[in-house]
Amino acid sequence: LAMRRSTELLVGMYAVLAAGGAYVPIDPDQPDERNGYILEVAEPVVVLTTERDGVVVPGQGSVPSVAIDSLDLSAVSDAVVSDADRVAALRSGNTAYVIFTSGSTGRPKGVAVSHGSVVNQIRWITAEYGFGPGDVVLQKTPFTFDVSVWELFGTLAVGASLVVAAPDGHRDPVYLGRVIRERGVTATSFVPSMLAVFATSVSREDCVSLRTVLVAGEAFPMSVAEQFARVSDAELHNLYGPTEATVHATARAVAGVVGGSVPMGVPVWNTGAYVLDGRLRPVPVGVTGELYLSGVQLARGYVARPDLTAERFVASPFGSGERLYRTGDLVRWTGDGELEYIGRTDFQVKLRGLRIELGEIESALLEHAPVSQVVVAVRHDQLVAYVVAAPGRTFDRSAAQSALGAVLPAYMVPSTFVVLDEMPLGSSGKVDRKALPDPVFETRGFRAPTNPVEEIVAGVFAEVLGLERVGLDDDFFALGGNSLIATRVVARLGAALGTSVPVRGLFEASDVESLAARIEQLDTAGRAPLVAQE
């Protein structure tokens with residue numbers, strides 16, 4: 001399916017499924033190289049497009065292309081399609097769609113999802129949130145992302161009305177507010193990052209009709225929920241699920257949550273959740289482990305990637321012939337029996353010899369600082385926190401560092417904070433981490449060293465980092481230092497002071513004043529004086 005969001009898109013999608021085929025969504029506005037690769041892997045029997053959009057699909061070669069908005073169907077029967085009309089019987093295990101998601105290698109990977117998996121998701125979501133003929137659902141999620149599945153099929157499965165947002169309309173919060181108001185929309189989906197933007201761009205009048213808003217795709221800060229509550233009384237629900245587990249695998253109502261992030265909740269119908277260690281053993285309540293999912297919603301696997309399928313879909317040690325999907329998400333069970341999101345295994349970093357969960361720092365900032373959004377990353381071998389201040393609040397770097405220092409080890413407190421007006425968003429509405437700006441490292445206001453050890457430490461910092469001068473308050477890592485340069489610093493300090501300075505000392509006390517004090521303490525262990533006194 002290579003067309004922009006439209007009625008023709010829905011018609012093509014339903015026609016493919018009724019015929020017994022599987023649809024592969026392609027966004028014509030995505031780079032040609034990406035779309036060409038998807039076509040190469042998926043090997044479709046036909047490309048459905050429209051003449052109106054003038055979509056040109058790269059690399060389709062000999063694959064037939066049909067513009068469905070110009071077809072003459074007058075000679076075709078409008079009777080219900082049955083197995084007698086199909087090339088084979090349509091079964092619940094057949095593939096319904098293949099959605100290509102971002103891959104760790106830079107190449108997208110196609111996730112094949114069966115009819116049975118989708119049916120379980122749709123039956124659960126329509127029952128759980130009471131959707132029926134009186135509802136009006138706004139279909140705004142790009143159909144290349146799996147959250148679109150409940151909007152597209154859950155709505156018509158219960159006789160509700162579907163309002164199709166204009167192409168690219170999901171990026172415009174003012175447009176969305178107008179459509180919700182004019183069409184009387186009662187339910188829709190948001191990614192937390194986009195919900196934050198939406199909540200600050202619309203009025204309460206725009207959201208009067210909203211009854212239910214499903215939020216998924218990222219960790220959901222309560223600060224964003226509180227922003228939204230200022231413009232709408234709609235019920236908010238936090239949902240979680242990878243494409244490999246058919247849209248949503250866990251859910252939790254936002255009501256009743258205080259501070260921090262909204263928990264992931266509990267598994268949906270016919271879905272199992274396991275929090276396991278590296279040997280596939282369950283971890284105790286409160287202990288972080290990797291989340292594995294099981295049940296009818298697991299995808300068939302990755303198209304043309306048996307190696308990756310075998311790596312991520314593993315045999316379950318808890319059942320008889322069942323599979324588990326290894327999500328790569330780090331979670332823990334709470335005492336209330338809910339799952340709490342910690343971060344990604346691929347967001348786990350090793351910095352200065354220590355393992356750090358970036359998600360844990362983000363959660364702490366959301367809970368203890370006046371911010372509505374936060375992303376922590378490693379740039380130039382140091383922790384950098386990108387923050388968006390909460391509405392009406394001013395972000396104070398020193399106060400944030402103090403608050404984090406009270407709940408996190410010193411090595412997990414970011415040395416640099418970058419305050420943004422808003423987070424850069426990708427096509428899905430999620431934060432685009434690659435688009436975050438590179439921080440500018442600057443020295444603080446100069447405070448001159450007051451004794452010989454401080455002068456030596458400041459001089460070594462300046463020499464190694466190529467700076468004219470360094471003061472007492474200047475931090476080695478904030479100035480652009482990293483773990484490799486740190487070994488040179490301690491070696492030069494040791495030579496200059498006639499003592500052994502441990503590398504860990506620089507990691508734990510990285511500004512001039514603190515490191516000098518730490519070095520001077522070495523003398524209390526009976527060592528020779530660090531600096532000869534006159």
Side-chain angles (χ1 to χ4, degrees), residues 99-105 108-114 117-118 120-121 124 145-147 149-150 191-192 215-220 238-252 261-283 285-303 305 307-319 322-334 337-349 355 357-360 362-363 428 430-431 433:
I99 284 182
F100 280 76
T101 66
S102 297
S104 58
T105 62
K109 53 187 186 294
V111 183
V113 176
S114 72
S117 298
V118 180
N120 186 79
Q121 171 70 187
W124 167 77
F145 297 94
D146 66 333
V147 172
V149 170
W150 87 262
V191 172
V215 183
E218 297 172 324
F220 187 10
N238 186 34
L239 293 90
Y240 158 87
T243 304
E244 291 85 347
T246 314
V247 194
H248 303 119
T250 69
R252 207 263 193 214
S261 293
V262 183
M264 295 163 59
V266 298
V268 307
W269 291 358
N270 302 309
T271 299
Y274 302 86
V275 184
L276 308 178
D277 63 15
R279 297 184 179 181
L280 297 186
R281 299 175 302 190
V283 300
V285 171
V287 175
T288 299
E290 186 172 356
L291 177 61
Y292 288 73
L293 298 172
S294 67
V296 300
Q297 289 189 181
L298 291 197
R300 291 165 57 101
Y302 299 107
V303 175
R305 289 296 307 273
D307 55 336
L308 189 57
T309 300
E311 176 187 333
R312 306 304 295 188
F313 294 86
V314 300
S316 171
F318 310 109
E322 296 178 341
R323 296 181 304 155
L324 296 179
Y325 170 65
R326 182 182 180 185
T327 66
D329 289 316
L330 296 171
V331 302
R332 60 187 169 214
W333 288 110
T334 68
E338 294 185 316
L339 288 167
E340 187 176 56
Y341 181 78
I342 304 300
R344 289 282 304 167
T345 55
D346 45 7
F347 289 167
Q348 183 187 76
V349 298
R355 292 196 179 279
E357 300 292 351
L358 299 180
E360 189 173 352
E362 293 170 353
S363 297
S428 65
K430 297 182 183 181
V431 173
R433 289 175 175 261

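Keep in mind it's a predicted model, so treat the numbers as computed, not measured.
For the pair R312 (side chain) and G301 (backbone), a donor-acceptor distance under 3.5 Å is absent. For the pair Q121 (side chain) and V247 (backbone), a donor-acceptor distance under 3.5 Å is absent. Counting only distance, with no hydrogens or angles, the side chain of T250 and the backbone of M264 share a donor-acceptor pair below 3.5 Å. Put simply, the side chain of N270 never gets that close to the backbone of V296: no donor and acceptor are under 3.5 Å apart. In this structure a side-chain-to-backbone donor-acceptor pair under 3.5 Å is present from N120 to W269. Between the side chain of T288 and the backbone N or O of R332, no donor-acceptor pair lies under 3.5 Å. Using modelled atom types, no side-chain atom of E340 and backbone atom of P263 make a donor-acceptor pair closer than 3.5 Å. When atom types are taken as modelled, the side chain of T327 and the backbone of L291 share a donor-acceptor pair closer than 3.5 angstrom.
Of the candidates L239, N238, V215, N238 is the only one forming a side chain to side chain contact (heavy atoms under 4.5 Å, CB included) with V262.
Side-chain contact check for F313 versus Y302: some heavy-atom pair is nearer than 4.5 Å. Contact check for V111 versus P242: no side-chain heavy atoms found under the 4.5 Å cut-off. Side chains of R252 and V266 form no contact here, defined as non-hydrogen atoms less than 4.5 Å apart. With contacts defined as side-chain heavy-atom distances shorter than 4.5 Å, the pair Y341/S261 does not qualify. Within the 4.5 Å cutoff, side-chain heavy atoms of Y292 are placed close to those of V314.
Ring geometry, Y274 versus F318: the interplanar angle falls under 30°, so the pair is classed parallel (tilted spans 30 to 60°).
Atom CZ of R305 sits about 8.5 Å away from atom CD of E311, to the nearest 0.5 Å. Atom OG of residue S294 and atom CZ of residue R323 lie 10.5 Å apart, to the nearest 0.5 angstrom. Of the inter-residue distances, the one linking E338 atom CD with W333 atom CH2 reads 9.5 Å to the nearest 0.5 angstrom. Taken from CD1 in I99 to CD in E244, the straight-line distance is 10.5 Å, to the nearest 0.5 Å. Considering CH2 of W124 and OG1 of T271, their distance stands at 9.0 Å, rounded to 0.5 Å.
Contact record, P192 with E218: CG-O, 3.7 Å, taken as the closest heavy-atom pair.
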Checking L324 against L276 for the side-chain contact (heavy atoms from CB on, under 4.5 Å) test, could you report, in this order, the C-alpha distance in whole Å, the side-chain angles of both residues, the deciding distance, and whether it holds?
CA-CA 11 Å; L324 296 179; L276 308 178; 4.3 Å; yes

